[in-house]
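Input: a single structure, listed below in structure tokens.
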Amino acid sequence: MNRQALLCRSILEAPSITQRELAEQLFLSLGTVNNLVKECLHAGYLEMTAEGRYQVTAAGLDFLEPFRVDGALFIAAGFGSRFVPLTFETPKGLLEVQGERMIERQIKQLHQAGIRNITIVVGYLKEKFEYLIDKYDVTLLYNPEYSNKNTLATLYHARKVLKGKNMYILSSDNWMRENMYHTYECGAWYSSVRMSGETSEWCLSYNKKGLITDVTVGGHDAWVMYGPVFFSREFSDAFLPVLEGYYEQPGTEQFYWEQVYMDLLKGAAAKRLQNVKCPDMYINRQPDNQVYEFENLEELRLFDPKYQNQSNNKAMELVSKVFQVPESEIVHIRCLKSGMTNKSFLFQIHGKHYICRIPGPGTELLINRRQEKAVYDTVAPLGITERVLYFNGENGYKISEYYEGARTADSENPEDISRCLELLRTFHQAGLHVDHSFDLKERIGFYEGLCMAHGGIPFEDYAAVRQQMNQLLDRIEGLHRPRILSHIDPNVDNFLILKDGSVRLIDWEYAGMADPILDIAMCAIYSYYDFDRAEALLDLYLKRPATEEERFVLTAFMALSGFLWSLWAVYKSALGEEFGEYTIIMYRYGKKGYRRLLSKL
């Protein structure tokens, strides 16, 4: 850290500042400040005015020029899971605090320091940030890996923005009480606040000059990494090549960029890469109540009373209305799921836990919520589903009771499977009826059309396999099998085994009139059972050996269902959600099932 530059900057920003005030501001002794003033006067960077004040000279301004901040990079790509359900609708950095969006407050503070070259790395809900381009002339940079990698990857994708420049690295969801940005910065630094007692934050060790010497995760009564960061061009020149090297190595996908810096300090980076050097970074100690990183909604409620009872969030307003409580009594909120079909969060009211499900965007194309509600209403007398407290058949919002201590069934546990099948039998034997069906032929055609409209179907032999599936569909149709209300999605993960041993079947989104053996086929392929094991499952369900026709139907349904869900996965992949080997496994069920039945067709 260049102390002469720091002194000149402080005097430039506050001409009336005293040497004692300079000492407090720069964490230096009064004697050190006095010597620095003498050095700067001697170098011609400062001069004494007629009023007895110091001022920065033209030579001093020239001296400061290499320290001029070139711009700022905001990290704003993440989901913000600890702020659900607010972040289901709004990125965390765009949440208002004290009537002002957090990222906008920081942008205004940067402008006050003369910094206008601002880049925002976006990912989740990236379109929400678009208005900032017109309002503040910022640049948006998309991070294609925001959903599955951490901030190491974020900086990797932004490395060209940082290279050769003096840049702030900022979190969009920080809130600074006073403006801590400057036109000039005199060395790389990390903002830090003092944490009393035990902390899980990243703790800093530093020498007398403020140079950071070590970082440890967790500590006691420590200064911790907290808030803005500044990369000098010298720091970036040394650090970015190491970051690039880390990015290329497997196993670093979930690293924060700070992990690379910590490894450099500890010498661990030298074990991964050759010829690495740890660049200097200094601690920038901030006073209490200056930098805020809100960990969750309840912390934000304490800081901004508006969030006690008026979050302007649809899900929170719904929960408040259903339970007839103010939002402040909705506590211990936690994200359970954030997929493309549904989003859901766990919350607590008066000591009891509940789950709120929010349909994802575009879900109405895939799921008919009126039909789903009709199924829940029809099945309710059996008492085999989760306890639903609220269901809106128009938009799919659902609130249900959360079962403490419950677990999902284990496909490798015979006792669990026996319980699940007993529930399915009870359900199927009830003879329930709804006005809609789950039609494999229609659904296959539907997902095939979606895939064709979103880039096509990648399987090389798809046309031939599609003809094979048509043969199976025709044969099944010719059997005129019975149709009763079926679940369609009896994945073991949808069977909840409660603490008292009872079982509940949840997630009835696909349920409709169908052959009950389709449920057994679906259960088998979701558990990745082979065909012989699936036949044993059918025998267990029937409590007798299956007939030839029933075995044929089971295998055909496994083939058709696998084929259907492979198309579903291809479509989801086109929308950005990847399912790994699942797509191939499901497609293989289609081909293997057909071959198993070929002699009987």
Classify the ring geometry of Phe67 against Phe63: parallel below 30°, tilted from 30° to 60°, perpendicular beyond 60°.
perpendicular
query: Is a side-chain N or O of Ser191 found less than 3.5 angstrom from the main chain of Tyr226, in a donor-acceptor match?
result: yes
From the list Tyr390, Phe345, Tyr402, Phe347, ring-ring contact (aromatic ring centres under 6.0 Å, His included) with Tyr354 holds only for Phe347
- Are any non-hydrogen side-chain atoms of Gln25 and Ser10 less than 4.5 angstrom apart? yes
If you count every heavy atom of other residues, nucleotides or ligands that lies below 6.0 Å from Lys108 atom NZ, does the total exceed 12? yes
Rounded to the nearest 0.5 Å, the CD atom of Glu89 sits from the NZ atom of Lys314 at a distance of 6.0 Å
Practice task
Check whether any side-chain N or O of Ser171 sits under 3.5 Å from a backbone N or O of Ile75 as a donor-acceptor pair, and report yes or no.
Solution key: no
The side chain to side chain contact (heavy atoms under 4.5 Å, CB included) partners of Arg285 (sequence neighbours excluded) come to Phe27, Tyr206, Trp223, Ile283
Do Val69 and Tyr181 have side chains that get closer than 4.5 Å, going by heavy atoms? no
**Q.** Any side-chain heavy-atom pair of Phe74 and Val121 under 4.5 Å
**A.** no
In Met1, Met167, Arg9, the residue satisfying side chain to side chain contact (heavy atoms under 4.5 Å, CB included) with Glu185 is Arg9
request  = Mark yes or no for whether Asn296, through its side chain, and Glu299, through its backbone, hold a donor-acceptor pair below 3.5 Å.
outcome  = yes
Would you say the side chains of Gln106 and Tyr168 form a donor-acceptor pair under 3.5 Å? no
Query raised in the report: Quick one: do the Tyr376 and Glu386 side chains pair a donor with an acceptor below 3.5 Å?
Result: yes
request  = Report yes or no: do Ser311 and Glu327 form a side-chain donor-acceptor pair below 3.5 Å?
outcome  = yes
Tyr582 and Tyr587 aromatic centres sub-6.0 Å = no
Side-chain heavy atoms of Arg334 within contact of Val84, under 4.5 Å: no
- Query: Would Tyr131 and Leu94 count as a side-chain contact (heavy atoms from CB on, under 4.5 Å) if you check the C-alpha gap in whole Å, the side-chain angles of each, and the deciding distance to 0.1 Å?
  - Reply: CA-CA 11 Å; Tyr131 81 99; Leu94 293 181; 3.7 Å; yes
Between Arg194 (side chain only) and Asp221 (backbone N and O only), is there a donor and an acceptor less than 3.5 Å apart?
yes
Tell me whether Ser205 contacts the main-chain N or O of Thr213 through its side chain, where contact means a donor paired with an acceptor under 3.5 Å.
no
How about Leu496 and Thr408: do any of their side-chain heavy atoms sit closer than 4.5 Å? yes
message = Show, in sequence, the C-alpha distance, side-chain angles and deciding distance for Tyr526 and Trp565, and conclude whether the side chain to side chain donor-acceptor pair (under 3.5 Å) test is met.
response = CA-CA 10 Å; Tyr526 292 145; Trp565 298 128; 3.2 Å; yes
(message) Checking the side chain of Asp263 only, and the main-chain atoms of Ala268 only, is there a donor and an acceptor separated by less than 3.5 Å?
(response) no
Under a 3.5 Å threshold, yes or no: a donor from one side chain and an acceptor from the other, between Arg443 and Tyr510? no
Between Phe239 and Trp257, is the ring centre distance below 6.0 Å?
yes
Asn166 meets the side chain to side chain contact (heavy atoms under 4.5 Å, CB included) criterion, sequence neighbours left out, with Asp70, Phe230, Ser232, Arg233
What verdict does the side-chain contact (heavy atoms from CB on, under 4.5 Å) test give for Tyr146 and Lys126, after you've listed the backbone C-alpha separation in whole Å, the side-chain angles of each residue and the deciding distance to 0.1 Å?
CA-CA 11 Å; Tyr146 77 90; Lys126 59 187 180 301; over 6 Å; no
In this structure, CG of Leu95 is separated from CG of Leu300 (nearest 0.5 Å) by 7.0 Å
Quick one, Glu448 and Ile457 - any side-chain contact, counting heavy atoms below 4.5 Å? yes
By side-chain hydrogen bond (donor to acceptor under 3.5 Å, both in side chains), Glu401 pairs with (sequence neighbours left out) Arg387
Separation between NZ (Lys398) and CG (Asp507), nearest 0.5 Å, reads 5.5 Å
Check: Ser566 side chain, Thr583 main-chain N or O, donor-acceptor pair, under 3.5 Å
no
CG of Leu152 to CG of Leu243, rounded to nearest 0.5 Å, is 4.5 Å
For residues 136-143, dump all side-chain donor-acceptor pairs below 3.5 Å to protein atoms at least two apart in sequence or in another chain.
from, atom 1, to, atom 2, distance (Å)
Tyr136, OH, Glu104, OE1, 2.4
Asn143, OD1, Glu145, N, 2.9
Asn143, ND2, Thr154, OG1, 3.4

Side chain to side chain contact (heavy atoms under 4.5 Å, CB included) filter on Arg116, not counting sequence neighbours, yields His111
Quiz item: Can you tell me if Gln109 uses its side chain to pair, donor with acceptor, with the backbone of Met176 under 3.5 Å?
Solution: yes
Please check if the side chain of Asn494 supplies one atom and the backbone of Asp489 the other of a donor-acceptor pair under 3.5 Å.
-> yes
Arg272 charged N/C atom sitting above Tyr246 aromatic ring, 6.0 Å / 45°:
yes
*Would you say the side-chain atoms of Thr199 pair up with the backbone N or O of Gly218, donor to acceptor, closer than 3.5 Å?*
no
Are Ile399 and Val319 side-chain neighbours, meaning at least one heavy-atom pair lies under 4.5 Å?
yes
Ring-plane angle category for Tyr156 and Tyr247, please: parallel below 30°, perpendicular beyond 60°, tilted otherwise. parallel
Does the separation of the ring centres of Trp568 and Phe446 fall below 6.0 angstrom? no
OG1 (Thr216) and CE (Met262) are apart, to the nearest 0.5 Å, by 8.5 Å
- [ ] Run the numbers on Arg369 and Tyr397 for side chain to side chain donor-acceptor pair (under 3.5 Å), then give the verdict.
- [x] CA-CA 9 Å; Arg369 297 301 181 184; Tyr397 276 71; over 6 Å; no
Mind checking whether Ile333 and Arg82 have side chains closer than 4.5 Å, heavy atoms only?
-> no
Contacts of Leu125 meeting side chain to side chain contact (heavy atoms under 4.5 Å, CB included) (sequence neighbours excluded), chain-then-number -> Pro91, Lys128
Partner of Gln286 under side-chain hydrogen bond (donor to acceptor under 3.5 Å, both in side chains), picked from Asn289, Asp288, Asn284, is Asn284
Handout entry: Donor-acceptor side-chain pairing of Arg68 and Tyr184 below 3.5 angstrom
Key = yes
Asn313 and Glu317: side chain donor to acceptor below 3.5 Å: no
